[in-house]
Amino acid sequence: QLGAWWAIFFSSFWGRFGQMTQPMSAAAYAEAALLSVAALAGWLHDWDRLSRLPARRLLLAALGLTLLQNFIVGFFMSYQPQARLSFSALAAWAILSWDGLRATYDRFPAPSRTRLAWIAAALLLLLNIDALTHL
């Protein structure tokens, strides 16, 4: 069940509406997964520098503890792995995700970065449109 529960957790973080009955499209979740992987890859590649930025270790701890409590409550106590329980750490998630995405972005050659930024913006726009059409 753990794999299915992680999928529910992931989809509920990015957008699952109507009391969890209305998911977004598979393409929207694929875009969200791509962004998540890109952010994580940036952190893994540039851990030494990113973890020394101001307050990043505190933000990592806050996000980690929030995810841990969500895992315990959502997976073991309530059997409802909903990411809304982690929304209290959205600010930490946003800053850390930006750090990771920026680190990934910086790894690309300078001439392709503008094109990459436009592609990312278009994907985010499509993700938002998809979410709005599934409300």
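What's counted below: heavy atoms across the whole structure, side chains too, no hydrogens, waters or symmetry copies.
- In this structure, Asp99 and Asp46 have side chains that are not in contact, with every pair of non-hydrogen atoms separated by 4.5 Å or more.
- Each of Leu124 and Trp98 belongs to its own hydrophobic cluster when Ile, Leu, Val, Met, Phe, Trp and Tyr are linked at side-chain heavy-atom distances under 4.5 angstrom.
- Looking at every heavy atom in both residues, Leu85 comes nearest to Gln69 through O-NE2, 3.2 Å.
- By the 4.5 Å heavy-atom criterion applied to side chains, Thr104 and His45 are not counted as neighbours.
- Rounding to the nearest 0.5 angstrom, the gap separating the CG atom in Leu90 from the CZ atom in Phe13 is 5.0 Å.
- The two atoms that bring Ala103 and Arg49 nearest to each other are CB-NH2, 4.3 Å, heavy atoms only.
- Under the 4.5 Å side-chain heavy-atom criterion for Ile, Leu, Val, Met, Phe, Trp and Tyr, Leu96 and Leu58 are members of distinct hydrophobic clusters.
- In terms of heavy atoms, Ala62 sits closest to Ala89 at O-CB, 4.5 Å.
- Annotation: Phe87, atom CZ; neighbour count of heavy atoms from other residues, nucleotides and ligands within 6.0 Å is above 12.
- Annotation: side chain to side chain donor-acceptor pair (under 3.5 Å) contacts involving residues 108-124, sequence neighbours excluded, are absent.
- Residues forming a side chain to side chain donor-acceptor pair (under 3.5 Å) with Trp14 (at least two apart in sequence, or on another chain): none.
- Following chains of ILVMFWY side-chain contacts shorter than 4.5 Å, one cannot reach Tyr105 starting from Leu53, and the two form parts of different hydrophobic clusters.
- Ser86 places no side-chain N or O within donor-acceptor distance of the main-chain N or O of Leu67, the cut-off being under 3.5 Å.
- Counted within 6.0 Å of CZ on Arg107, heavy atoms from surrounding residues, nucleotides or ligands total 12 or fewer; the atom is thus considered open.
- Here CE of Met24 is found 6.0 Å from CG of Asp130. Values are rounded to the nearest 0.5 Å.
- One finds the CG atom of Leu127 at 10.0 Å from the CG atom of Leu132 (value rounded to the nearest 0.5 Å).
- Looking at Arg102 and Leu50, their side chains never come closer than 4.5 Å, going by heavy atoms from C-beta outward.
- Residues Ser36 and Phe10 come closest through the heavy atom pair OG-CE1, 3.8 Å.
- Counting only distance, with no hydrogens or angles, the side chain of Asn70 and the backbone of Thr66 share no donor-acceptor pair below 3.5 Å.
- Closest heavy-atom contact between Leu126 and Glu31: CB-OE2, 3.9 Å.
- Salt-bridge check for Asp48 with Arg52: failed, with every basic side-chain N at 4.0 Å or more from each acidic carboxylate O.
- Connection of Leu101 to Ile95 is established within a shared hydrophobic cluster, with ILVMFWY side chains joined at heavy-atom distances below 4.5 Å, either directly or through further cluster members.
- Judged as a salt bridge (charged side-chain N to carboxylate O under 4.0 Å, His left out), and not counting sequence neighbours, Arg16 has no contacts.
- Note on Phe75: it clusters hydrophobically with Leu63, by side-chain heavy-atom contacts below 4.5 Å among ILVMFWY residues.
- Residues Ala83 and Ser12 come closest through the heavy atom pair N-OG, 2.7 Å.
- Between the CZ atom in Phe9 and the CD atom in Gln80 there is a gap of 13.5 Å [rounded to 0.5 Å].
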